[in-house]
Number of protein chains: 2
Amino acid sequence: MTTDEAVAGTTTPPPAGLRERKKQRTRAALVRSALELFTRQGYERTTVDEIAEAVEVSQRTFFRYFANKEEVAFASQESAECHFFAALCARPAGEAPLAALRGATLDAWGSIGGALEQLVPPELHMRMYRVIESTPSLLAVHLRRIAELEERLAREIARREGLDIDADPRPRLVVAMFGGVIRVAGKLWTEGDEDSVVTLRDLTAFHLDYVGPTLAEKWDK
Amino acid sequence: MTTDEAVAGTTTPPPAGLRERKKQRTRAALVRSALELFTRQGYERTTVDEIAEAVEVSQRTFFRYFANKEEVAFASQESAECHFFAALCARPAGEAPLAALRGATLDAWGSIGGALEQLVPPELHMRMYRVIESTPSLLAVHLRRIAELEERLAREIARREGLDIDADPRPRLVVAMFGGVIRVAGKLWTEGDEDSVVTLRDLTAFHLDYVGPTLAEKWDK
DNA sequence: TGTCAATTGTCAGACGCTGACATTAGCCTC
DNA sequence: GAGGCTAATGTCAGCGTCTGACAATTGACA
């Protein structure tokens with residue numbers, strides 16, 4: 001469901017039942033409270049009971065919305081990832097693989113704000129990203145999620161190029177290399193003190209442009 | 001301590017005190033029992049109490065040797081990673097970055113057996129690798145550890161090339177791309193049913209040779 | 001041998017997470 | 001609009017990971 005929203009950029013227009021709307025509100029409240037607490041006092045120092053209490057539901061209810069404490073921390077990441085995947089699918093068919101990935105990245109970073117603000121303030125999303133990068137257990141999960149996203153990206157690339165993903169290693173390889181570059185940019189951004197999305201976008205573009213020179217046999221100083 | 005052993009390939013010759021040797025034995029016993037249990041019945045289905053009981057120590061003692069349940073699962077990986085890092089440091093200074101990484105990989109896979117068997121049977125190490133790749137929580141930690149290793153590799157590459165790691169993105173970029181390729185190879189190996197190290201080494205080499213063609217503007221079919 | 005310090009065991013408890021069952025509250029029909 | 005159906009929630013008990021505190025044990029060394 002979150003997937004569809006992110007891809008189409010719409011919330012289901014019919015208000016549906018009261019029941020359903022209440023569920024959505026509870027879920028959103030849990031996400032917001034959780035991210036607020038995580039960014040304020042840290043992920044580890046926040047207990048599930050605290051989050052539940054802030055929304056005035058029982059701990060058991062929290063675990064009916066999220067499989068575990070980590071999941072709620074990635075709620076807004078989930079949207080962002082879907083958004084990026086959609087951006088790749090929207091790139092023109094003629095584009096070469098790496099160019100398409102590059103284009104999708106810039107497109108996605110340009111329009112991420114709108115896709116997110118339904119769920120959480122973009123600024124909170126950005127602060128949470130920093131928390132993820134600096135919390136070992138969350139970073140681990142984040143890297144696994146990225147790996148899963150990369151698998152989907154590779155399949156899309158294979159589709160675009162009309163290749164069999166199990167026979168040709170190149171789709172997975174571009175994506176893996178691309179992913180590596182993205183991570184370097186993201187990590188550097190986290191370590192800096194510039195908060196804006198634009199900075200991150202430019203940093204990413206800059207690093208992507210360095211792929212060629214980096215693979216040259218001899219590096220010039 | 002494990003680091004030094006792996007790098008130098010030696011166990012501290014003086015037997016040290018009885019106390020110290022007993023500690024080493026307990027530690028090794030915990031690792032072996034843990035990996036045995038993990039590979040036999042799965043990581044999640046193995047409790048810390050079980051591991052402790054198999055070695056006849058208290059649960060509390062287990063947690064004095066390992067910070068958490070995950071750590072013991074990566075004991076042999078730790079050796080392998082150090083071994084690989086040492087292999088990179090041993091590559092001739094003139095070699096280009098990517099070539100050095102490639103060479104180090106093949107060197108390391110060639111000599112990994114000897115470095116490991118002090119701790120666990122290499123065959124157990126390989127089976128454990130599969131468990132890691134197929135257990136979500138372990139995979140996550142594994143990816144984070146790889147990321148940490150990549151940081152060290154990048155610093156070594158920067159040193160070799162006489163570059164400032166914070167000023168030039170290329171060291172981190174090669175390593176990131178390289179890491180991506182390695183992961184693709186490793187994952188494919190896990191999915192196959194060939195168990196041997198040689199297969200993994202060849203698969204890795206094959207994928208590394210594909211980096212060039214993969215980055216070509218247009219892929220030929 | 002006796003003292004000192006390191007290692008281990010025991011115990012209590014916080015926290016994440018789950019199954020089972022009772023309770024509440026939206027929905028739908030008559 | 002009363003009553004029955006079902007989904008959502010709360011309550012409770014319990015397992016597993018992990019930690020702090022304190023007591024008991026055991027190697028080291030004078």
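The chains referred to below are lettered A, B, ... by the order of the sequence lines, with proteins before strands, and numbering in each begins at 1.
- With sequence neighbours left out, B/Leu116 forms a side chain to side chain contact (heavy atoms under 4.5 Å, CB included) with B/Ser76, B/Ser79, B/Ile112, B/His125.
- A search for side chain to side chain contact (heavy atoms under 4.5 Å, CB included) contacts involving A/Arg155 returns A/Glu151, A/Ile165, A/Arg172, not counting sequence neighbours.
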Residues 131-141 of chain B, side-chain donor-acceptor partners within the protein, below 3.5 Å, at least two apart:
| residue | atom | partner | partner atom | Å |
| --- | --- | --- | --- | --- |
| B/Glu133 | OE2 | B/Tyr129 | OH | 3.1 |
| B/Ser134 | OG | B/Arg130 | O | 2.9 |
| B/Ser134 | OG | B/Val131 | O | 3.3 |
| B/Thr135 | OG1 | B/Val131 | O | 2.7 |

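- Separating the CD atom of A/Glu71 from the P atom of C/dC17 is a distance of 10 Å, rounded to the nearest angstrom.
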Along nucleotides 18-30 of chain C, 5' to 3', which nucleotides get a B, which get an S, and which get a -, given that the test is a protein heavy-atom distance under 4.0 Å?
BBB----BBS---
Let me have the donor-acceptor pairs involving side chains of residues 28-36 of chain B, under 3.5 Å, with sequence neighbours excluded, atom names and distances please.
| residue | atom | partner | partner atom | Å |
| --- | --- | --- | --- | --- |
| B/Arg32 | NH1 | B/Leu119 | O | 2.7 |
| B/Ser33 | OG | B/Ala29 | O | 3.1 |

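- Close to C/dT7, at under 4.0 Å from its OP1 or OP2, lies no side-chain N or O of B/Tyr65.
- Between B/Gln24 atom CD and C/dT7 atom C1' there is a gap of 14 Å when expressed in whole angstrom units.
- Atom CG in A/Asp49 sits about 10 Å away from atom C1' in C/dA14, given to the nearest Å.
- If you measure from atom CD of A/Glu56 to atom P of D/dG10, you get 10 Å, rounded to the nearest angstrom.
- By the 4.5 Å heavy-atom criterion applied to side chains, B/Phe178 and B/Leu208 are counted as neighbours.
- Judged as a side chain to side chain contact (heavy atoms under 4.5 Å, CB included), and not counting sequence neighbours, the contacts of A/Ser111 are A/His83.
- Annotation: side chain to side chain donor-acceptor pair (under 3.5 Å) contacts of A/Glu156 (sequence neighbours excluded): A/Arg159.
- Taking five base pairs at each end of the helix from C/dT1-D/dA30 to C/dC30-D/dG1 and finding the rotation axis that steps the C1' atoms of four pairs onto the next four gives two axes whose angle is 10°, to the nearest 10°.
- Residues forming a side chain to side chain donor-acceptor pair (under 3.5 Å) with B/Gln41 (at least two apart in sequence, or on another chain): B/Thr46, B/Glu50.
- When the side chain to side chain contact (heavy atoms under 4.5 Å, CB included) test is applied to A/Arg60, the partners found at least two apart in sequence or on another chain are A/Ser58, A/Phe63, A/Arg64.
- Remark: P of C/dT10 and CD of B/Glu53 are 12 Å apart, rounded to the nearest angstrom.
- Residue A/Thr61 is in sugar-phosphate contact alone, with no base atom involved, counting any heavy-atom pair closer than 4.0 Å across all strands shown.
- When the C1' atom of C/dT8 is taken as reference, atom CG of B/Leu30 falls 13 Å away, rounded to whole Å.
- Near DNA chain D, meaning a heavy atom under 4.0 Å from it, residues 39-47 of chain B has B/Thr46, B/Thr47 in order of number.
- Between B/Lys23 and C/dT7 there is a side-chain polar atom (N or O) within less than 4.0 angstrom of OP1 or OP2.
- Residue pairs meeting the salt bridge (charged side-chain N to carboxylate O under 4.0 Å, His left out) criterion with at least one partner in residues 173-183 of chain A, sequence neighbours excluded, are A/Arg183-B/Glu150.
- The residue A/Phe62 sits apart from the nucleic acid: no heavy atom pair falls under 4.0 Å.
- At a threshold of 4.5 Å between non-hydrogen side-chain atoms, the residues B/Trp189 and B/Arg201 do not count as touching.
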